[in-house]
Amino acid sequence: MSMPTPGPGQVLVIKDSGKREQGRKVQLDNILAAKTVADVVRTCLGPRAMLKMLMDPMGGIVMTSDGNAILREIMVQHPAAKSMIEIARTQDEEVGDGTTSVIVLAGEFMAVAHEFMAEQMHPTVVIGAYLRALDDALTILDEKIAKPVDPMDKEQMAAIIKACIGTKLLKKWSGLAVDIAMSAVYTVQMEQNGRKEIDIKRYAKVEKIPGGELEDSRVLRGVMVNKDVTHSKMRRRIENPRILLLDCSLEYNKGESQTNIEMSGTQDYSRILQIEEEHIKQMCMEIIAFKPDLVFTEKGVSDLAQHFLQKNNITAIRRIRKSDNNRIARACGATIVSRTDEIRESDLGLGCGLFEVRKVGDDYFTFVEECKDPKACTILLRGASKDILMEVERNLLDAMNVGRNVIMDPRLVPGGGATEMALSVALTERASKVEGVGQWPYKAVAKALEVIPRTLIQNCGGSTIRTLTALRAKHASGEPVSTGIDGDKGEIVDMETLGIWEPAKVKIQVIKTAMETAMLLLRIDDIVSGVKKAQEM
């Protein structure tokens, strides 16, 4: 829509090439965009979730049921749809699970606002009711639904992680996945100054190697790096090695840019080479003095340095990543040293039980394992194809994040749509106490929360209206708040009996993020976009 030509007394503020939309049309378009994004991932919710296959412009394929992974690959144009995609990423970074739920819920909160916008109700009234409903929902969740749990009880932790994996591709191998996720989370858990730290992203590396069977996947008590020894004569297996970690190069430093040297005689050239050799020899002697068995460096190792180290029976691995070096340091208790003349005995890592170079698939891998008290680990994944491994990695990361969330905030809420239905019934009861026209949007929030159990029933082919009405009646008649939907059969069951629990942190984040996004998008009443003029041919 181009701007109208200004008449007498008019001032043209926005350029003629700009595009502007105002008023109710913007709000109704935003609602439609949010619903469209939610419909894309709706079938990916629950244990009967369908997979989406996405092709990128380069011809790569992504097969997944993870809401964030799907929306990350989709190209959208509408600004409201972009905001919806952003909340899936936020949810993934914050708690690591519930990415599909947050999109479906946000889409529904927007959808129920449609009738109020169409009836010319002011957005501020709707947002005020939504805000009150959000506060009440979080209070009910805290006081009546959430229950405490002991994060050190491994049986309970296994049940929680199993419930998370039950909705993923890994469901068939849930026993193996639960063991891997629990082992990784407990390994990287650290307590510093009375504060717990569980950094899965940095210290639990997932190494994917196509081939073999999924059952061959395991967690190493240590670290694995895709590197081989630098010299063929160096040892490839060392028990209880003394490990030295460096982030400096064991070679002569070249000039940064063009370097000019003026030589007056032939002996000067020989002297320059001799100085280089002496420099490398000096560095190697400083390393050899501490008698390490194994040297890892982030930079290069020259042929001469390899010769000196190999003569002293020291194995060297070069050009490892900074992140891998940090993991090895956490696993074996070493300290990374920046200069060879600053090495101390306390910098050496003595916690490793076995160093070995093995061939896995087509590549050689360095294993630093059987560590005494590792605070970092590598998860070795095997599988039929790269696409399956990518999806398994996404599922495992979700499972590990669930374990981390329970340790950080040890409270649980029932899964299977039970929490949403309990909140819906409680908010419907409270709606009568809300004064004025705000009562209707407040009731609409309660109705919107039913989208989670409704979608679970739809995705497994159950009778939606009959089952949802029965579930609503059970909650209203005072049955336990843990009554929800069995996502496999579409029947009403007690989640406590079924053992389906979710971390309260994930559920609170889902409701907060979905509601805040809906309120943000409903507040928009004007979209101005600068459209470039078509280039003249």
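Note: I336 CD1 to N326 CG = 4.5 Å, rounded to the nearest 0.5 Å. Note: R42 CZ to K35 NZ = 9.0 Å, rounded to the nearest 0.5 Å. Here the straight-line distance linking atom CD of Q458 with atom CG of L468 works out to 9.0 Å at 0.5 Å rounding. Of the inter-residue distances, the one linking T124 atom OG1 with H122 atom NE2 reads 4.0 Å to the nearest 0.5 angstrom. Separating the CG atom in D486 from the OG1 atom in T497 is a distance of 11.0 Å, to the nearest 0.5 Å. For the atom pair CG of D29 and OG1 of T36, the computed distance is 10.0 Å after rounding to the nearest 0.5 Å.
Between the side chain of S183 and the main chain of I180, no donor-acceptor pair closer than 3.5 Å is present. Not a single donor-acceptor pair under 3.5 Å links the side chain of T513 to the backbone N or O of V510. Proximity of a side-chain donor or acceptor of N405 to a complementary backbone N or O of N401 within less than 3.5 Å is detected. The closest donor-acceptor contact from the side chain of N459 to the backbone of L456 lies at 3.5 Å or more, if one exists at all. Distance alone, capped at 3.5 Å, places no donor-acceptor pair between the D92 side chain and the N68 backbone. Side-chain N or O atoms of S477 include one that pairs as donor or acceptor with a backbone N or O of K474 at under 3.5 Å.
The pair E491-K489 fails the salt-bridge criterion, with no side-chain N (NZ, NE, NH1 or NH2) lying under 4.0 Å from an Asp/Glu carboxylate O. Looking at R202 and D199, a side-chain N of the basic residue comes within less than 4.0 Å of a carboxylate O on the acidic one, giving a salt bridge. K82 and E86 are not joined by a salt bridge, as no carboxylate oxygen comes within less than 4.0 angstrom of a charged side-chain nitrogen. Salt bridge present: E393 and K208 bring a charged side-chain N and a carboxylate O closer than 4.0 Å. Ionic pairing of K171 and D488 is present here: one or more N-O contacts between side-chain nitrogen and carboxylate oxygen are shorter than 4.0 angstrom. Of the charged side-chain nitrogens involved, at least one lies within less than 4.0 Å of a carboxylate oxygen, so that E298 and K322 count as a salt-bridged pair. A salt bridge links E197 with R330: the distance from a Lys NZ or Arg NE/NH1/NH2 to an Asp or Glu carboxylate oxygen falls below 4.0 Å.
Other residues, nucleotides and ligands contribute more than 12 heavy atoms inside 6.0 Å of the CE atom of M152. Dense packing is recorded around NZ of K52, with more than 12 heavy atoms of other residues, nucleotides or ligands lying under 6.0 Å away. E155 CD: 12 or fewer foreign heavy atoms inside a 6.0 Å radius. Counting heavy atoms of neighbouring residues, nucleotides and ligands inside a 6.0 Å radius, atom CE of M50 does not exceed 12 of them. By the 6.0 Å contact criterion, NZ on K201 is open, its count of non-hydrogen atoms from other residues, nucleotides or ligands being 12 or less. Counted within 6.0 Å of CE on M390, heavy atoms from surrounding residues, nucleotides or ligands total 12 or fewer; the atom is thus considered open. Atom CD of E215 has more than 12 heavy atoms from other residues, nucleotides or ligands within 6.0 Å.
Under the 4.5 Å side-chain criterion, counting only non-hydrogen atoms from C-beta, K196 is in contact with M408. Considering only heavy atoms from C-beta on, V185 stays 4.5 Å or farther from M182 through its side chain. Within the 4.5 Å cutoff, no side-chain heavy atoms of L54 are placed close to those of I61. No side-chain heavy atom of M515 sits under 4.5 Å from any side-chain heavy atom of L131. Using a 4.5 Å cut-off on side-chain heavy atoms (C-beta onward), I320 and I328 make contact. Between L354 and F367, every side-chain heavy-atom pair lies at or beyond the 4.5 Å cut-off. Proximity of R319 to K227: side-chain heavy atoms (C-beta onward) are separated by under 4.5 Å at one or more points. Using a 4.5 Å heavy-atom cutoff, the side chains of V126 and M117 are in contact.
The minimum heavy-atom distance between P374 and R221, with the atom names listed, is CD-NH2, 3.3 Å. Here the shortest heavy-atom pairing between L471 and P453 reads CD2-CB, 4.1 Å. Scanning both residues, M400 and I200, for their nearest heavy atoms gives O-CD1, 3.4 Å. Taking each heavy atom of L522 and Q27 in turn, the nearest pair found is O-NE2, 3.7 Å. The shortest heavy-atom contact between R394 and M63 is NH2-O, 3.4 Å. The two atoms that bring L389 and I209 nearest to each other are CD1-C, 3.7 Å, heavy atoms only.
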Open item on the list: Run V206 and L396 through side-chain contact (heavy atoms from CB on, under 4.5 Å) and show every step you take.
Closed with: CA-CA 9 Å; V206 178; L396 266 181; 5.5 Å; no
Task: Stepwise salt bridge (charged side-chain N to carboxylate O under 4.0 Å, His left out) test for R195 and E191 - done: CA-CA 5 Å; R195 191 173 61 87; E191 200 155 323; over 6 Å; no
Task: Candidate pair T378 and E207, rule side chain to side chain donor-acceptor pair (under 3.5 Å), full reasoning - done: CA-CA 7 Å; T378 299; E207 198 72 60; over 6 Å; no
Open item on the list: Checking S83 against L521 for the side-chain contact (heavy atoms from CB on, under 4.5 Å) test, could you report, in this order, the C-alpha distance in whole Å, the side-chain angles of both residues, the deciding distance, and whether it holds?
Closed with: CA-CA 8 Å; S83 296; L521 293 176; 4.0 Å; yes
Open item on the list: Applying side chain to side chain donor-acceptor pair (under 3.5 Å) to T483 and D494, what does each step give before you reach the verdict?
Closed with: CA-CA 4 Å; T483 310; D494 189 341; 5.2 Å; no
Task: Verdict with supporting geometry, T428 and K447, side chain to side chain donor-acceptor pair (under 3.5 Å) - done: CA-CA 8 Å; T428 306; K447 190 170 185 299; over 6 Å; no
Check: residues 137-149 side-chain donor-acceptor pairs under 3.5 Å, at least two apart:
| from | atom 1 | to | atom 2 | distance (Å) |
| --- | --- | --- | --- | --- |
| T139 | OG1 | D135 | O | 2.7 |
| D142 | OD1 | R411 | NH1 | 2.7 |

Only pairs under 3.5 Å count here: list side-chain donor-acceptor contacts from residues 415-427, not counting sequence neighbours, and write none if there are none.
| from | atom 1 | to | atom 2 | distance (Å) |
| --- | --- | --- | --- | --- |
| T419 | OG1 | P414 | O | 2.6 |
| E420 | OE2 | K507 | NZ | 2.7 |
| S424 | OG | A446 | O | 2.6 |
| S424 | OG | E450 | OE2 | 3.4 |

Show me the donor-acceptor pairs within less than 3.5 Å that the side chains of residues 97-116 make with the rest of the protein, sequence neighbours left out.
| from | atom 1 | to | atom 2 | distance (Å) |
| --- | --- | --- | --- | --- |
| T100 | OG1 | G67 | N | 3.3 |
| E108 | OE2 | R454 | NH2 | 3.3 |

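For K154 and Y186, the positive end sits near the middle of the six-membered ring, less than 6.0 Å away and at most 45° from its axis. Under the 6.0 Å distance and 45° angle rule, R430 does not count as a cation-pi partner of Y442. Annotation: cation-pi geometry not satisfied between R327 and Y203 (NZ/CZ under 6.0 angstrom from ring centroid, within 45° of ring axis).
Partner V406 forms a side-chain contact (heavy atoms from CB on, under 4.5 Å) with one of D150, V506, L412 and no other, that one being L412. Residue T366 is tested with D324, I317, N226 for a side-chain contact (heavy atoms from CB on, under 4.5 Å); the sole match is I317.
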